[in-house]
Amino acid sequence: ELKVEQNPLFLSMQEGKNYTIYCNYSTTSDRLYWYRQDPGKSLESLFVLLSNGAVKQEGRLMASLDTKARLSTLHITAAVHDLSATYFCAVDMGPFSGGGADGLTFGKGTHLIIQP
Amino acid sequence: DAGVIQSPRHEVTEMGQEVTLRCKPISGHDYLFWYRQTMMRGLELLIYFNNNVPIDDSGMPEDRFSAKMPNASFSTLKIQPSEPRDSAVYFCASSLDSYNEQFFGPGTRLTVL
C-alpha cells in the first residue's frame, strides 16, 4: 500500500523567510504532484514532477523530486502572505501499479500560515 | 474551457435519502476521478474511469456508493441510502492522460443530517 507522508503538517512563518516542505512516499513511483488548496476551495495544480532529478520553479516556489530517496521537496523563498494555504503532495504509482494513470494518493497536507 | 464542473455545490439531506452528485470533465480528457475529503481521513480516491470505463473502485467505501460514466462528458456518484458519516466534500477531477496533472472541480459539500 502506497503511503505518502508530509512534514511538517503545520507551519507558521514570517514574511521574507525561506522554508522547505518535505514529502516522502513508500513505494516506487516517478509521478509526483504538488497542489495548493485555499480554505473552502478546490485544489490547484502547482507542479508536475515526472522524473528523477526533476526541478520546477514558479515564482517563490520550487519543487524537486528524488525518486531514489522517494522524496520530494517544496521550497518557499522569501515567503509572502499570499502563499498562505494548505499544500498537498500526491503520488501516482502509474505504470508501477500495472496500469496507465492511477488515482492519486495524497499526503495529509501542510497548513502554511505566513505572517506579515 | 470552463474547467471541471460539478453540481450541486452544496447538498444537505437527511439520513436514508438518496444523493446524486454530478460531474462534467474537461473536454478531451480521458480520465475522470472521484475523491472525497474529510478532516479525519484527508483526500481519498473513491473510483476512477478511463475512456468511460471504471478502472479501480477499490476506494468506494461501501455498496451504498455507486458511480457511472455513461458518456465522455458526464459522470455521477450516487449514495443510497446516505448516512451522516458520508458528510464530506466530494471532488471530481479529470486529466488528459496518464502523465498530466489532474484538474479538480469546485467540489460538492455534502451534509447528511
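Within every chain, numbering begins at 1; the chains are lettered A, B, ... in the order of the sequence lines, protein sequences first and strands thereafter.
No continuous path of ILVMFWY side-chain contacts below 4.5 Å connects B:F91 to B:L96, so the two sit in separate hydrophobic clusters. A:Y22 and A:L49 fall into different hydrophobic clusters, where Ile, Leu, Val, Met, Phe, Trp and Tyr residues are linked whenever their side-chain heavy atoms come under 4.5 Å apart, directly or through other members. Grouping the Ile, Leu, Val, Met, Phe, Trp and Tyr side chains by contacts below 4.5 angstrom, directly or via other members, places B:F104 with A:Y33.
Among residues 60-87 of chain A, no residue has any heavy atom closer than 4.5 Å to a heavy atom of chain B.
If you take CD on B:E101 and CG on A:D92, they are separated by 12.5 Å, rounding to the nearest 0.5 Å. If you take CZ on A:F106 and CD on B:Q37, they are separated by 8.5 Å, rounding to the nearest 0.5 Å.
Applying the 6.0 Å contact sphere to CD of B:E62 captures more than 12 heavy atoms from other residues, nucleotides or ligands. Shown here is A:E5, whose CD atom has no more than 12 heavy atoms of other residues, nucleotides or ligands within 6.0 Å. Counting non-hydrogen atoms of neighbouring residues, nucleotides and ligands closer than 6.0 angstrom, the CD atom of A:Q115 exceeds 12 such neighbours. For CD of A:Q14, the number of neighbouring non-hydrogen atoms (other residues, nucleotides, ligands) closer than 6.0 Å is 12 at most. Surrounding CG of B:N71 are more than 12 heavy atoms belonging to other residues, nucleotides or ligands, all under 6.0 Å away. Within a 6.0 Å sphere centred on CZ of B:R64, other residues, nucleotides and ligands contribute more than 12 heavy atoms.
Looking at B:N100, the atoms closer than 4.5 Å to chain A (heavy atoms on both sides) all sit in the backbone: N, CA, C or O. Contact of A:L43 with chain B is made through backbone and side chain together, with heavy-atom distances under 4.5 Å. With a 4.5 angstrom heavy-atom cutoff, B:E44 does not touch chain A via any of its atoms. Contact of A:F47 with chain B is not made at all, since no heavy-atom distance falls under 4.5 Å.
Scanning all heavy atoms of the two residues, the minimum distance from A:S42 to B:P106 falls at CB-CA, 3.9 Å.
The side chain to side chain donor-acceptor pair (under 3.5 Å) test applied to B:N50 returns no partner, not counting sequence neighbours.
B:Y35 contributes no side-chain N or O that, together with a main-chain N or O of A:G103, makes up a donor-acceptor pair within less than 3.5 Å.
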